[in-house]
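Here the structure comes first, spelled out in structure tokens, and everything after it is commentary.
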Amino acid sequence: MAPRTVLITGCSSGIGLALAVRLARDKQRRFRVIATMRNTGRSGALAAAAGPALGRTLEIKQLDVCDESSIRACLDSIPGRHIDILVSNAGVGMAGPLECQSLAAMQNLMDTNFFGLVRLVKEVLPDMKRRRGGHIVVISSIMGLQGIVFNDIYSASKFAVEGFCESLVVQALRFNVAISLVEPGPVMTEFEMKLYEEAERADYSRTDPETAEIFTNVYLKNSRDVFTSLGQTPEDIAEHTLRVIEAARPPFRHQTNVAYTPMAALKHADPSGALITDAFYKLVFKYDAVLRFGLRAIRLLRWNAQKVKAGVRLLGFK
Ligand SMILES: NC(=O)C1=CN([C@@H]2O[C@H](COP(=O)(O)OP(=O)(O)OC[C@H]3O[C@@H](n4cnc5c(N)ncnc54)[C@H](OP(=O)(O)O)[C@@H]3O)[C@@H](O)[C@H]2O)C=CC1
Ligand SMILES: CC1=C(/C=C/C(C)=C/C=C/C(C)=C/C=O)C(C)(C)CCC1
């Protein structure tokens, strides 16, 4: 079978980089990867990780999801504009009290996370419909299913992504085009570091002292613990995404982190919203000690599991 052409956005780091490398180094050589990024000056890490795949099964192209002409130029440079699989991955995060965030930063986030996807789909879907085949894979988030305190704008952008795809999927299916939402929980990438850097720089005099205290001393502290205890690696997300791409009947939604599945279940178990809102309120404000204890226990279990794996490798069993 001829390799399928996969275009991925946001490949300078994190999930996009890991996925581009995973697909380009596929042992069965099933994919030809067009790894795109807005600034090709940041292609060093990808080129190093791709190794010999660069120039063979992987090429790097410029694409800024906030710039229609850059998307068009990238697609026009591909023979027949033929893309079998589009992976919309580029995205930015934002966390903190609403009063401390500028409207311009919020609009930039929506422009990247939501309109970035819309621009891509507008360009790619007509070709896929004409060919009666294709797959659009969108890196969404668990925050596209359930908001998390202090992530108001980011979560709204992922809800927009989910609503857009949920509406479009039925029309797309009529043309044999699949749409899949990949929904990770926390993933250890530059995304997290950028959030903490932003939090360091933020001007908390724009909010009241109590809110500032809750954000910095309750949310940020617990968030760090959540990332270290429950966070996945970008390589984990690449494996999950590969499974979605390979599926004979691709799922519309795919959550990558089982620890978050109960969250979505709670939301749907009670249409009034009281159950999930209450659960989050109690976790953040009442039982934070229980939360921290649970997260610490998970960290310990993970650490032990890693030690056992390393031991098994050392003894030459694997
Ligand atoms: N990390 C996490 O915890 C989670 C992340 N996600 C989602 O995963 C996706 C990837 O994030 P992740 O890998 O973690 O984070 P990274 O910050 O490592 O990667 C984000 C990528 O998006 C790129 N990007 C930002 N703006 C644009 C733009 N206008 N045009 C093209 N590329 C752009 C960045 O490029 P540049 O280097 O130029 O800034 C970078 O390559 C995002 O959609 C994010 O929302 C979902 C769930 C959890
Ligand atoms: C679960 C949980 C928390 C934090 C979750 C976080 C921080 C999730 C991050 C998800 C990301 C980064 C998704 C990206 O798209 C709190 C509020 C600390 C306490 C209550 C339980």
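We count ligands from 1, going down the list as the structure has it; atoms in each ligand are counted the same way.
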Worksheet item: If you measure every N/O of Val92 against every N/O of ligand 1, is any gap under 3.5 Å?
Response: no
Item to complete: Return the option from Asn151, Val226, Val284 holding the heavy atom at the smallest distance from atom 4 (C) of ligand 2.
Response: Val226
Worksheet item: Based purely on interatomic distance, does Asn89 place a nitrogen or oxygen under 3.5 Å from a nitrogen or oxygen of ligand 1?
Response: yes
Worksheet item: Phe227 heavy atoms, cut-off 4.0 Å: which ligand 1 atoms fall inside?
Response: 3 (O)
Worksheet item: Does the gap between the ring centers of Phe191 and Tyr154 come in under 6.0 Å?
Response: yes
Worksheet item: Quick one: does Ser141 get an N or O within less than 3.5 Å of an N or O on ligand 2?
Response: yes
Worksheet item: Relative to the heavy atoms of Pro186, which atoms of ligand 1 are at a distance of less than 4.0 Å?
Response: 3 (O)
Fill in: Within-shell test, Lys158 vs ligand 1, heavy atom, strictly < 4.0 Å
yes
Item to complete: With heavy atoms of Gly14 as the reference, note each atom of ligand 1 found under 4.0 Å away.
Response: 13 (O), 18 (O)
Worksheet item: With a 4.0 Å cut-off, strictly under, does atom 16 (C) of ligand 2 pick up any protein heavy atom?
Response: no
Worksheet item: Quick one: does Asp64 get a heavy atom under 4.0 Å from ligand 1?
Response: yes
Response to the item:
Counting heavy atoms under 4.0 Å, the part of Met143 that contacts ligand 1 is neither
Practice prompt. Taking all heavy atoms of Val182 and all of Val244, pick out the closest pair and write down the distance.
Written response: CG2-CG2, 4.4 Å
Worksheet item: Does Leu63 reach ligand 1, in the sense of a heavy atom lying below 4.0 Å from it?
Response: yes
Item to complete: For Tyr154, take its heavy atoms, then give the atoms of ligand 1 lying under 4.0 Å from any of them.
Response: 6 (N), 7 (C), 44 (C), 45 (O), 46 (C)
Item to complete: Provide the number and element of each atom of ligand 1 under 4.0 Å from a heavy atom of Thr189.
Response: 1 (N), 12 (P), 13 (O), 14 (O), 15 (O), 18 (O)
Fill in: Atoms of ligand 1 close to Gly91 [distance to a heavy atom under 4.0 angstrom, numbered from 1]
20 (C), 22 (O), 42 (C), 43 (O)
Worksheet item: Could a heavy atom of Gly93 be found less than 4.0 Å from some atom of ligand 1?
Response: no
Worksheet item: Applying a strict 4.0 Å limit to heavy atoms, is Cys66 in contact with ligand 1?
Response: yes
Discussion item. Measuring from non-hydrogen atoms of Thr112 to any atom of ligand 1, is the shortest distance under 4.0 Å?
Written reply: yes
Worksheet item: If you count the atoms of ligand 1 from 1 in the order shown, which ones are under 4.0 Å from a heavy atom of Ser13?
Response: 16 (P), 18 (O), 19 (O), 40 (C), 41 (O)
Discussion item. For Met37, state whether at least one heavy atom is located under 4.0 Å from any atom of ligand 1.
Written reply: no
Practice prompt. Would you check the N or O atoms of Tyr219, main chain and side chain alike, for any that come under 3.5 Å of an N or O of ligand 2?
Written response: no
Worksheet entry | Proximity flag Glu192 to ligand 1, non-hydrogen atoms under 4.0 Å | no
Item to complete: Could you find the nearest protein heavy atom to atom 46 (C) of ligand 1 and give me its residue, atom name and distance?
Response: Ser140 O, 3.1 Å
Discussion item. Tell me whether ligand 1 is touched by Pro234 - counting only heavy atoms on the residue side and a distance under 4.0 Å.
Written reply: no
Worksheet item: Is the shortest distance from a heavy atom of Tyr154 to ligand 2 less than 4.0 Å?
Response: yes
Discussion item. Can you name the atoms of ligand 1, numbered from 1 with element, that are less than 4.0 Å from a heavy atom of Lys194?
Written reply: 16 (P), 17 (O)
